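Please read all numbers here as calculations on a predicted model, not as lab measurements. Just so it is clear: chains get the letters A, B, ... in the order the sequence lines come, proteins before strands, and each one is counted from 1.
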Amino acid sequence: MNTIITRFPPSPTGYLHVGGARTALFNWLYARHTKGKFVLRIEDTDAARSTQASVDAIFEALEWLGIDWDEGPYFQSQRYPIYQEHIDKLIQTGNAYYCTCSPERLESMRAKAMATGKNPKYDGTCRGKDLPKSEKAVVRFKAPLTGTTLLEDVIKGNIVFQNDELDDFIIARSDGSPTYNFVVVVDDITMQINTIIRGDDHVMNTPKQILLYQALDAPLPVFGHVPMVLGKDRSRLSKRHGATSVTAYRDMGFLPEAVMNYLVRLGWSYGDQEFFTKNDLIEKFSLKNIGRAAGIFDQEKLTALNADHIQATPPEKLAHLLLPFLEKSGIHAKPGAFLVKIVKTLVQRSKTLEEMAQAASFYFAETIIYEEKAARKFLKPAARQALQFLMDALSTIETFTEENLENAFKSVMEKTGLKLGKIAQPVRVALTGKTASPGIFEITEIIGKEKVIQRLKQAVTYIEQITE
RNA sequence: GUCCCCAUCGUCUAGCCUGGUCCAGGACACCGGCCUUUCACGCCGGCAACAGGGGUUCAAAUCCCCUUGGGGACGCCA
């Protein structure tokens, strides 16, 4: 086989959504797996809806995901001369013609056809007229009236279309601009794209495009149509199902590798394996294992996978990635050994970076604000003495080590006759304000002698106040 | 309405092509238990599916047909 050349052709009319990202991933992965080429092309022929902001957003999302491209980005809006050339060619060869039917008449025909149970297609009014180029004329492709067109889909298998179901679709608008089905084919031919993996929703476009390839006398690429991504209610994924843009997941604290892993695994499988790194994916991805059924986007599974990827990421790297999330909650932390220690206590307890930042906040707090339930349950008179004893014991320790701390707690256990559990919880609340946290020795060490004693003191004072 | 696609636990899926090893395996979620200074992690166990009906066959989740259900496409959008 020759070099595989795939492409991703988003239209810049919004952010990159997870469905689009998934097809980008399939194409990119296939190119990388086969040591082929991946081309990025921006389909901005709809001047009214395309924006530079969307173009930027798409680049940003692709880069975040770790998808790079070997060629492009090409912009269709800059390729009009090429399209014009091909339109002229089709007219010359008799494969296309000018049509002056008004949009209004077409629209009413369509409505009528649908209402009467007919296939809404162009009736061919101008097909045989051989009209000259004129102000308001569009260009239509002259599609065959009979016969069949075969789509040999690598994912779905063979699909046969009756040509009489197709119609003479428009390839150039009245203002001269080319339309989608046409530019896609011209681009894919001229960019030598030989493998097209795209969403299911393009299946019905494919016979038209195949006809165009034939009329343009170009070899057919390999087509593979992947099933769609659906929302919880099995309808097409949209905003009302929750976040759909790739960058939204970035902002919620998901790792790019987790999103990549999840998206690819949704509709593709490799035996029972669930966890994949980027390199795993490149190594193992194949078109063969793409499923045929649509899949539902499940944020819970993504979240679980994200937790796995967090655990697989070196703490040093996580610390760096955590910074913006800490910043967002008003914590100006610095990267370094201190933060790495903190991260290490939190990896097992955080499913997202956002969660991790939340969980880390007590390490940085000036004063601890107690959760009401936590304080009520543990900061009671019965705990006062233990806290006081611990304070005394800790103040004699030079440097906090796990061993030191354990001894200090032991001495408090002996003096009070309380079990560790009875002591640890009030201390936990004193140090974190909450009933759940990383190990008590760990956090004590990280928070440090000065602050620990300060917080214990605060707790003792609190207990004294409420007892009055 | 017309055309096209799809159909295994709630969800993602393995198995289907090359029928028997499947009274269907894994993962997420959920429910128990263990571990334990809390919460997590981890470990152990549990719940839970071949949409229905016909064929073909000694034998069907696997092959064929129909029904049903779901999705998609029918633009001078992409």
For atom [atom1], what is the distance between [N] and [M], given to the nearest Å?
| N | M | atom1 | answer |
| --- | --- | --- | --- |
| C4(B) | C43(B) | C1' | 49 Å |
| C31(B) | C9(B) | C1' | 15 Å |
| U11(B) | G52(B) | P | 15 Å |
| C30(B) | A73(B) | P | 34 Å |
| A29(B) | C65(B) | P | 40 Å |
| A49(B) | C28(B) | C1' | 16 Å |
| U62(B) | G19(B) | P | 12 Å |
| U67(B) | A24(B) | C1' | 25 Å |

Note to self: Could you check whether atom NZ of Lys422(A) has more than 12 heavy atoms from other residues, nucleotides or ligands sitting under 6.0 Å from it?
What the structure shows: no
Note to self: Heavy-atom count check: over 12 atoms from other residues, nucleotides or ligands less than 6.0 Å from Tyr270(A) OH?
What the structure shows: no
Looking at every strand, decide which applies to [X] at a 4.0 Å heavy-atom threshold: base, sugar-phosphate, or nothing.
| X | result |
| --- | --- |
| Leu420(A) | base |
| Thr45(A) | sugar-phosphate |
| Phe441(A) | base |
| Cys101(A) | base |
| His202(A) | base |
| Ile440(A) | base |
| Gln311(A) | sugar-phosphate |
| Pro438(A) | base |
| Gly199(A) | nothing |
| Ser269(A) | sugar-phosphate |
| Arg110(A) | sugar-phosphate |

So, under a plain 3.5 Å distance rule, would you say the side chain of [X] forms a donor-acceptor pair with the base of [N]?
| X | N | value |
| --- | --- | --- |
| Arg428(A) | U37(B) | yes |
| Arg292(A) | C6(B) | no |
| Asp272(A) | G25(B) | yes |
| Glu274(A) | G26(B) | yes |
| Thr179(A) | C76(B) | no |
| Lys301(A) | A27(B) | yes |
| Lys156(A) | C5(B) | no |

For the side chain of [X], starting at C-beta, report the closest nucleotide among [options].
| X | options | result |
| --- | --- | --- |
| Asn119(A) | G75(B), U2(B), A73(B) | U2(B) |
| Asn205(A) | C12(B), C76(B), A78(B) | A78(B) |
| Val203(A) | C4(B), C41(B), U13(B) | C4(B) |
| Ala304(A) | G42(B), C76(B), A29(B) | A29(B) |
| Phe161(A) | U11(B), C76(B), C4(B) | C4(B) |
| Asp298(A) | U11(B), C76(B), G26(B) | U11(B) |
| Met114(A) | C3(B), C5(B), C74(B) | C74(B) |
| Ser174(A) | C12(B), C76(B), A40(B) | C76(B) |
| Glu300(A) | G70(B), A29(B), C5(B) | A29(B) |

Note to self: Please report the interatomic distance CE(Met109(A)) to OG1(Thr125(A)), rounded to the nearest 0.5 Å.
What the structure shows: 6.0 Å
Checklist line | Spacing of His86(A) atom NE2 and Ile171(A) atom CD1 [to the nearest 0.5 Å] | finding: 11.0 Å
Next item on the list: Check Arg7(A) against Asn27(A) and note the closest heavy-atom contact, atom names and distance.
Entry: O-CG, 3.3 Å
Check: Nearest heavy-atom pair of Ala172(A) and Ile87(A): which atoms, and what distance?
Finding: CB-CD1, 3.7 Å
Next item on the list: Determine, stepwise, if the pair Asn407(A) / Glu403(A) fulfils side-chain hydrogen bond (donor to acceptor under 3.5 Å, both in side chains).
Entry: CA-CA 6 Å; Asn407(A) 287 334; Glu403(A) 201 190 351; 4.9 Å; no
Next item on the list: Pick out which of Tyr15(A), Phe8(A), Trp69(A) makes a ring pair (Phe, Tyr, Trp, His ring centres under 6.0 Å) with Phe59(A).
Entry: Trp69(A)
Check: How long is the line joining CZ of Arg236(A) and C1' of G71(B), in whole Å?
Finding: 10 Å
Checklist line | Whole angstrom value for the distance that separates C1' of A78(B) from CG of Asp188(A) | finding: 13 Å
Margin query: If you assign Ala293(A) and Asp201(A) each to the RNA chain B nucleotide with the nearest heavy atom, which residue ends up on the more 5' nucleotide?
Written below: Ala293(A)
Note to self: Need to verify one output field. Residue with the more 5' nearest nucleotide on RNA chain B, Ala436(A) or Gly157(A)?
What the structure shows: Gly157(A)
